[in-house]
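One structure is given below, encoded as structure tokens.
The figures here come from the full heavy-atom set of this structure, side chains too, leaving out hydrogens, waters and symmetry mates.
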Amino acid sequence: WRCGLCLKPPRQRVHPGCADHVDDNLAALPGLDRQLAGALVPGSPSPRYGTTTGSRTAPLPVSLPVLDLRARGGIEGVVTTWERDVRELLGWAPPPFRGSIEQTIDGAVDFLQRNLAWMCDQHEAVREFADDVARLRRECEAVVTGERPERRVTVQCACGQTLRITLS
């Protein structure tokens, strides 16, 4: 039996530290979504996804990667999909209409944080959930800070598992 997130032997299904890490990633998403708004403004492209030169057509007035993250289906789509999944598994009503995309992200993140303990104990896809949330946070931070994500290296563990790790 191994932790559903880090694969180390736990006393519980998911280590408390691993659950805290997922909670931190979730908590960061609403603020990062708001920070991404500045990268959408024409004339202030993100450092990573700036305008390109040499094109025969005028550049788009927005950054497409930022737009993808901020539009319905981006951050909002990921967190509401997981919220719907949890509600369905628990036999609860579908998520309520919350208004704007920002309000929807806030509400879905709050719901997921309040139900994280159940997800860590019971949800079969808790690792996929944690991976989705971590990926979203990395993508948002890369746009906001302009930093490239750490390079991942594939290594073979003594137990036979293939791991993708960063140097840090």
Side-chain angles (χ1 to χ4, degrees), residues 1-39 46 48 65-66 68-153 155 157 159 161-168:
W1 196 39
R2 297 185 183 277
C3 171
L5 300 180
C6 70
L7 302 178
K8 294 177 185 171
R11 290 186 178 170
Q12 296 126 341
R13 184 166 179 253
V14 173
H15 291 120
C18 292
D20 289 345
H21 187 65
V22 175
D23 189 52
D24 290 344
N25 286 339
L26 275 170
L29 292 178
L32 287 167
D33 175 65
R34 286 166 177 80
Q35 289 177 2
L36 287 171
S46 102
R48 182 171 180 198
V66 175
D68 286 344
L69 287 167
R70 291 213 73 222
R72 291 224 183 262
I75 298 169
E76 176 268 345
V78 173
V79 294
T80 58
T81 296
W82 282 107
E83 179 184 6
R84 280 192 300 277
D85 182 58
V86 170
R87 286 177 177 273
E88 185 177 300
L89 289 171
L90 293 173
W92 296 352
F97 176 75
R98 294 186 174 109
S100 70
I101 294 174
E102 283 183 2
Q103 292 167 325
T104 301
I105 291 170
D106 291 347
V109 165
D110 179 60
F111 175 87
L112 292 169
Q113 286 181 296
R114 286 186 287 113
N115 291 282
L116 184 58
W118 177 85
M119 291 181 78
C120 289
D121 289 340
Q122 302 292 322
H123 200 293
E124 293 297 318
V126 68
R127 184 178 181 121
E128 289 83 2
F129 167 68
D131 289 346
D132 279 353
V133 172
R135 176 190 50 79
L136 267 180
R137 182 176 185 176
R138 283 191 309 272
E139 286 179 23
C140 292
E141 286 178 342
V143 172
V144 168
T145 65
E147 294 179 22
R148 294 200 178 269
E150 273 192 275
R151 188 172 145 222
R152 295 193 170 270
V153 179
V155 296
C157 180
C159 70
Q161 287 280 350
T162 301
L163 305 173
R164 292 193 36 87
I165 62 169
T166 62
L167 296 178
S168 64

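- The CD atom of Glu83 sits 12.5 Å away from the CD atom of Glu88 when rounded to the nearest 0.5 Å.
- Shortest non-hydrogen contact noted between Leu36 and Cys140 is CD1-SG, 3.8 Å.
- Annotation for Leu116 and Ala19: closest pair CD2-O, 3.4 Å, computed over non-hydrogen atoms.
- If you take CD1 on Ile101 and CG on Asp33, they are separated by 8.0 Å, rounding to the nearest 0.5 Å.
- The existence of a salt bridge linking Glu139 and Arg135 is confirmed by a sub-4.0 Å separation between a basic side-chain nitrogen and an acidic carboxylate oxygen.
- In this structure, the separation between SG on Cys18 and CZ on Arg13 is 12.0 Å, given to the nearest 0.5 Å.
- With contacts defined as side-chain heavy-atom distances shorter than 4.5 Å, the pair Arg70/Glu102 qualifies.
- Side-chain contact check for Val22 versus Met119: every heavy-atom pair is 4.5 Å or farther apart.
- Between atom CZ of residue Arg137 and atom CG of residue Leu29 there is a gap of 8.0 Å, rounded to the nearest 0.5 Å.
- By the salt bridge (charged side-chain N to carboxylate O under 4.0 Å, His left out) test, Glu128 is found to be paired with no residue, residues two or more places apart in sequence or in another chain being considered.
- Under the 4.5 Å side-chain criterion, counting only non-hydrogen atoms from C-beta, Arg72 is in contact with Thr104.
- Looking at Arg98, its side chain never comes within 3.5 Å of a backbone N or O of Ile105 through a donor-acceptor pair.
- In Gln113, the CD atom is crowded: over 12 heavy atoms of neighbouring residues, nucleotides or ligands sit closer than 6.0 Å.
- Not one N or O on the side chain of Arg87 forms a donor-acceptor pair closer than 3.5 Å with the backbone of Trp92.
- No side-chain heavy atom of Leu136 sits less than 4.5 Å from a side-chain heavy atom of Asn25.
- Remark: Gln122 pairs with Trp118 by the side chain to side chain contact (heavy atoms under 4.5 Å, CB included) rule, at least two apart or across chains.
- Closest approach of Pro30 and Asp106 over heavy atoms only: CB-OD1, 3.3 Å.
- Distance CG/Leu26 to NE2/His21: 10.5 Å, rounded to 0.5 Å.
- Comment: Arg114 engages Asp110 in a salt bridge, judged by a side-chain N to carboxylate O separation of less than 4.0 angstrom.
- For the atom pair Leu112 CG and Asp23 CG, the distance stands at 10.5 Å (nearest 0.5 Å).
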*Check against side chain to side chain contact (heavy atoms under 4.5 Å, CB included), Asp85 and Trp82*: CA-CA 5 Å; Asp85 182 58; Trp82 282 107; 3.9 Å; yes
